[in-house]
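These numbers come from the heavy atoms of this one structure, side chains and all, not from hydrogens, waters or symmetry mates.
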Amino acid sequence: MSARLFASRLMSAELAQQLLLKTLLPLSLLIAAGAIWPRWQSGISVVGLRGEINRLVLNFFAPMLFFAAGASATVDLAILQVPLILGAATLFGLALAALALFATPLGRGLSRPQRGAIMLASGFGNVLFFGYPFLTTVYGESGARYPFFADMLATTPLVWSLGVWIAFRCGKHAEHASFLSMWLKLPPVWGFAAGIAVNLSGAALDPLIEAARWAGSPTIPLMLFVLGLTIPWHDLRPQKAVFVALGIKLALMPLLALGIALAWPGKLTEPGEAGVLEAAMPTMVMVIALADRFGLDTRLAGLIMGWSTLVGLVTLPFWLVVVKGIAS
């Protein structure tokens, strides 16, 4: 028994080292590069640069990566556990944030655009751009499929339906586009659908899949660079709204996800663990885009995103230890 315990601890130490060197260190360097770039390259427009990178990723790099992920993933019913757990945790986070902001003294003195920004930042996590490097380090090649299914089957539909509705109701804007029209105009959606179609067809298109994976490889580094550009480093003073969002996003959401995973029939599986870890991801970059588009408080959204990213570098390994400890 002691030998098994020693082996388990040794494996945990090796995994911690891999997470630090292969995931957390590169993530931190890319985010730091985005933070330093405007100061190093004076005269550039941060908003313009961020917009151009976002458009490039959305219209080319991300569809390539989503196609490769969909075409090469092992598609089975077990993988649906990831988006189901994440979707339930996201709805819980949004509902809890709404309750705290509209039915308790925590929302007193906050405008509707501020409340909308807090709700979105509390519920929607960086399941792809943080999740992909984190889960591939933890689970290897099999872990690469979880973030894409989580994003396409849980986060993206919820962001462009409930998330847009929240932003629409709380913001100051003149938008009238429907969820369906916006969702169908997203190139990554079509890339992922095409990849799944190729996967299910059984067509031998390995060279095309590998080419798409290579072409889409800049997606994650570029979006982490954009994250560094977006965080308001000069104004990271924490306030009450930040603590509310962090408590929901980094503690209560993964806790609920863990409860769902443990209540799932059978023992805690790898997809169940992945669902919990995806629920523990820090606030997603898309929250800033929604805040911009629908007139929410972008400064507050950026402040919460910045703190959740920094704190998430600590809480994510904690939740990994928790799920691995339960699974063993």
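At least one side-chain heavy atom of Met286 sits under 4.5 Å from a side-chain heavy atom of Trp160. Taking the side chain as every heavy atom from C-beta outward, Ile196 and Met152 never approach each other to under 4.5 Å. The side-chain heavy atoms of Leu58 and Pro188, taken from C-beta on, include a pair separated by under 4.5 Å. Looking at heavy atoms from C-beta onward, Gln239 lies in side-chain contact with Leu300 at the 4.5 angstrom threshold. Using a 4.5 Å heavy-atom threshold, the side chains of Leu227 and Met305 count as touching. When side chains are defined from C-beta on, Trp37 counts as touching Ile44, because their heavy atoms get closer than 4.5 Å. Contact check for Asp297 versus Leu110: no side-chain heavy atoms found under the 4.5 Å cut-off. Residues Leu316 and Phe130 form a side-chain contact, since some pair of their non-hydrogen atoms from C-beta on lies under 4.5 Å apart.
Taken from CZ in Phe129 to CG in Leu224, the straight-line distance is 8.5 Å, to the nearest 0.5 Å. Taken from OG1 in Thr90 to CD1 in Ile85, the straight-line distance is 11.5 Å, to the nearest 0.5 Å. Rounded to the nearest 0.5 Å, atoms CG (Leu99) and CG (Leu94) are 12.5 Å apart. Atom-to-atom distance recorded for Ser122:OG and Met253:CE is 9.0 Å, nearest 0.5 angstrom. One finds the OG1 atom of Thr230 at 7.5 Å from the CE atom of Met223 (value rounded to the nearest 0.5 Å). We find the OG1-CE distance between Thr155 and Met284 to be 6.0 Å, quoted to the nearest 0.5 Å.
With hydrophobic clusters built from ILVMFWY side chains whose heavy atoms lie under 4.5 angstrom apart, Leu200 does not share a cluster with Ile209. Connection of Leu208 to Val198 is established within a shared hydrophobic cluster, with ILVMFWY side chains joined at heavy-atom distances below 4.5 Å, either directly or through further cluster members. Under a hydrophobic-cluster definition in which Ile, Leu, Val, Met, Phe, Trp and Tyr are linked whenever side-chain heavy atoms come within less than 4.5 Å, directly or via other members, Val314 and Val322 are assigned to different clusters. The hydrophobic clustering, which links ILVMFWY residues whose side-chain heavy atoms are closer than 4.5 Å, places Val127 and Leu277 apart. Under the 4.5 Å side-chain heavy-atom criterion for grouping Ile, Leu, Val, Met, Phe, Trp and Tyr, Val46 is connected to Val57 within one hydrophobic cluster.
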As a quick check of understanding, evaluate side chain to side chain contact (heavy atoms under 4.5 Å, CB included) for Leu162 and Leu91, giving each step before the final call. CA-CA 9 Å; Leu162 187 56; Leu91 291 173; 3.7 Å; yes

Verify side chain to side chain contact (heavy atoms under 4.5 Å, CB included) between Leu256 and Leu96, making sure each step is shown before the conclusion. CA-CA 12 Å; Leu256 176 81; Leu96 190 59; over 6 Å; no

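Taking all atoms of both residues into account, the shortest heavy-atom contact from Pro282 to Ser308 is CB-O, 3.2 Å. The heavy-atom pair separating Gly295 from Pro113 by the smallest distance is O-CB, 3.7 Å. Looking at every heavy atom in both residues, Gly312 comes nearest to Pro317 through O-CD, 4.0 Å. For the pair Val287 and Leu120, the tightest heavy-atom approach, listed with the atom from each and the gap, is CG2-O, 3.7 Å. The shortest heavy-atom contact between Leu250 and Pro254 is O-CG, 3.4 Å. When every heavy atom of Ile220 is checked against every heavy atom of Leu128, the shortest pair comes out as CD1-O, 4.0 Å.
Between the side chain of Lys249 and the backbone N or O of Met281 there is at least one donor-acceptor pair closer than 3.5 Å. Using modelled atom types, one side-chain atom of Asn54 and one backbone atom of Arg50 make a donor-acceptor pair closer than 3.5 Å. Between the side chain of Thr156 and the backbone N or O of Asp151 there is at least one donor-acceptor pair closer than 3.5 Å. A donor-acceptor pair under 3.5 Å links the side-chain atoms of Trp233 to the main chain of Gly228, judged by distance alone. The backbone N or O of Gly70 lies less than 3.5 Å from a partner atom in the side chain of Asn199, making a donor-acceptor pair.
Applying the salt bridge (charged side-chain N to carboxylate O under 4.0 Å, His left out) test to residues at least two apart or on different chains, the pairs with a partner in residues 259-282 are Glu273-Lys324. For residues 295-328, the set of pairs meeting the ring-ring contact (aromatic ring centres under 6.0 Å, His included) definition, not counting sequence neighbours, is empty. Listed by first and then second residue, the ring-ring contact (aromatic ring centres under 6.0 Å, His included) pairs involving residues 61-109 are Phe66-Phe148 (not counting sequence neighbours).
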